[in-house]
There are 2 protein chains.
Amino acid sequence: MAEPAAVVPGLLERYRAGEVRALSRVITVVESGGPQAHALLQQVRSGLEGVARPTVIGLTGSPGSGKSTLTSALIGRLRASEKRVGVLAVDPSSPFSGGAILGDRIRMLGHHADTGVYVRSLASRGALGGLSARSMGVLSVLEGFGVQEGLGFDVLLIETVGVGQSELDVAALADHTVLVLTPAGGDGVQAFKAGVMEIADVLVVNKADLPGAERMGRELRAAQMLGPHDEHTFFPPVVQTVASRGEGSDALLAAVQAHRDHLGSAGLLARRLERARFELRSLVQQRAAALANTADEYLLEGVASGRISADEAARQVLGLPT
Amino acid sequence: MAEPAAVVPGLLERYRAGEVRALSRVITVVESGGPQAHALLQQVRSGLEGVARPTVIGLTGSPGSGKSTLTSALIGRLRASEKRVGVLAVDPSSPFSGGAILGDRIRMLGHHADTGVYVRSLASRGALGGLSARSMGVLSVLEGFGVQEGLGFDVLLIETVGVGQSELDVAALADHTVLVLTPAGGDGVQAFKAGVMEIADVLVVNKADLPGAERMGRELRAAQMLGPHDEHTFFPPVVQTVASRGEGSDALLAAVQAHRDHLGSAGLLARRLERARFELRSLVQQRAAALANTADEYLLEGVASGRISADEAARQVLGLPT
């Protein structure tokens, strides 16, 4: 996975000063875990206090919805207005899925020579099938990069490859979650059925040059009106894009800004506490799993034979009162 | 999700006597969770002592490998020799994946009128993205069905729809894990790269009428010889099937039996203890997540600001010593 990486003297300073190689090294250390990683991450985080944070945009949606192309279009648009962009491509893909690593795809799309764009792929999957707690750490590292020299990122884009829990986890990391749908394949209906719509702050109908895009947009808006709402409800904007031609990127960024205005500083802070909660939950679950692995055969045999309920055994393992 | 279900008087007796409607009801209660579910599951498990258990076969593999067709072919073959077959179709699918529930597909394949086949779909996904602890409970219910009258299942097939953690979790439930590959798409290479090969007890090259099947079989066998092995090593048999025509089902069942002979009774018992451990781990993680959700803002803010490391916070939440 991550190469073993030592914390060389001056690393944190060079990272804070905006040196890209130092950034890559800090990420590698944090991603690798271990006591050194924890200490470094804490230093990174303590440097974030009072500093303007990048806008963190998460992109989620079904495979084939064009997330990568949309990511690339957004990078292009943001670079045109001289924003510095960091991209975190999380690939906790199924062991069975083949396919290219997102980061490689983005690099191929022509941003690789641009020093205002930094792309990092995380191949590691969380012990729980979703994003790992380490992804959260890496995100903090991206947030704290170059802060000393005002060379930090303006926008961070997080995209996940593959399906499953990690698609939902992206919402826990981002300030703004963009759900990418297409007119094909009943995407909208599926998203509603699965309750995914609830995590979306902005809805994108990508490939809007395909038949049915208009109708899909209307249906999404109509469905929003069916839910409980009052005059304070923020209805996630519905944006039509044709990412392959760069169309709609401006409208999408405007929709993200609209959501940011809606959140306000209190809302943004609440999102970030939720991110810390997510990280904490991941770590707690990891530790709990390790505790379960120490359970002796007598307890396991008791569960298998019905002598003790699995629930009671779980309480015992955690040392909780009955 | 599961309909609210009461434990009606005599339910357990009718279930043990082999009444299918009682089986469905017991599954529904156990799947629904809650104190009633725990009590009922314990009763079911205590009735399993000393009883011959069904052979539990898990099928895993990439989408499109033909798992459902293979499941259907196996059902056909097993029914021809008058075995009673239970099928647990776990569908912890991505919120984005459309597609039919496996159970429906199997029913459509013509086994629906056969009283010797029972198919149950579990739509619920574990809190951790993989299979839920409840799937384990439902499996126990299937194992204990009809034991009093010798009307129990001879074979249980577990198949999962969708990709991700749940594909791997199936191995934790099954006595025998069948990994289904196809000659197309570099499946074999992918499986080796991801380490999935390690959970397989039997390897199936399905769609063996496609070009490359022979070569793939040779490559899989050659790869097995590259790993560490001695004279006691069990090399997962490689079986060629064309499930759509029912070809290779006999060979597959023979390969499963070969693995069963290799395991012996001690090996089977060890597998079942591992299943209990998996269930315990799932429940412990669920409880731990609930604990993390009670963390107060001060702690979360401490993690976000680097005042306390996430790792230390996790220890605090679990009440563990530093």
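Within every chain, numbering begins at 1; the chains are lettered A, B, ... in the order of the sequence lines, protein sequences first and strands thereafter.
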Does B/E274 come within less than 4.0 Å of B/R271, counting only side-chain N to carboxylate O?
no
What residue in A/N293, A/L318, A/V44 has the most heavy-atom pairs under 4.5 Å with chain B?
A/N293
Side chain, backbone, both or neither: which part of B/L269 has a heavy atom under 4.5 Å from chain A?
neither
Checking B/V303 against chain A: side chain, backbone, both or neither under 4.5 Å from a heavy atom?
both
Set of residues satisfying side chain to side chain donor-acceptor pair (under 3.5 Å) with respect to A/T177, sequence neighbours excluded:
none
For a 4.5 angstrom cut-off between non-hydrogen side-chain atoms, does A/K67 reach A/V178?
no
With a 4.5 angstrom heavy-atom cut-off, which part of A/L41 approaches chain B: side chain, backbone, both or neither?
neither
Largest heavy-atom contact set with chain B, pairs under 4.5 Å, which of A/R272, A/R275, A/R287
A/R287
Can you list, pair by pair, the side-chain donor-acceptor contacts under 3.5 Å of residues 46-54 of chain A, counting residues two or more places apart and other chains?
| from | atom 1 | to | atom 2 | distance (Å) |
| --- | --- | --- | --- | --- |
| A/S46 | OG | A/Q42 | O | 3.4 |
| A/S46 | OG | A/Q43 | O | 2.9 |
| A/R53 | NH1 | A/E143 | OE1 | 3.4 |

Please classify the contact between A/R307 and chain B as side chain, backbone, both or neither, with a heavy-atom cut-off of under 4.5 Å.
backbone
Decide yes or no for A/L181 and A/L220: does some side-chain heavy atom of the first lie under 4.5 Å from some side-chain heavy atom of the second?
yes
Given that the side chain runs from C-beta out, which part of A/V317 has a heavy atom under 4.5 Å from chain B: side chain, backbone, both or neither?
side chain
For each of A/S305, A/A313, A/G319, tally heavy-atom pairs with chain B at distances under 4.5 Å, and name the one with the top tally.
A/S305
side-chain contact (heavy atoms from CB on, under 4.5 Å), that's the test. Do B/V26 and B/F145 meet it? Break it down for me.
CA-CA 10 Å; B/V26 172; B/F145 172 64; over 6 Å; no
Enter the distance from A/L12:CG to A/Q148:CD here, rounded to the nearest 0.5 Å.
8.5 Å
Given the options B/L280, B/L299, B/L291, which has more heavy-atom pairs under 4.5 Å with chain A than any of the others?
B/L280
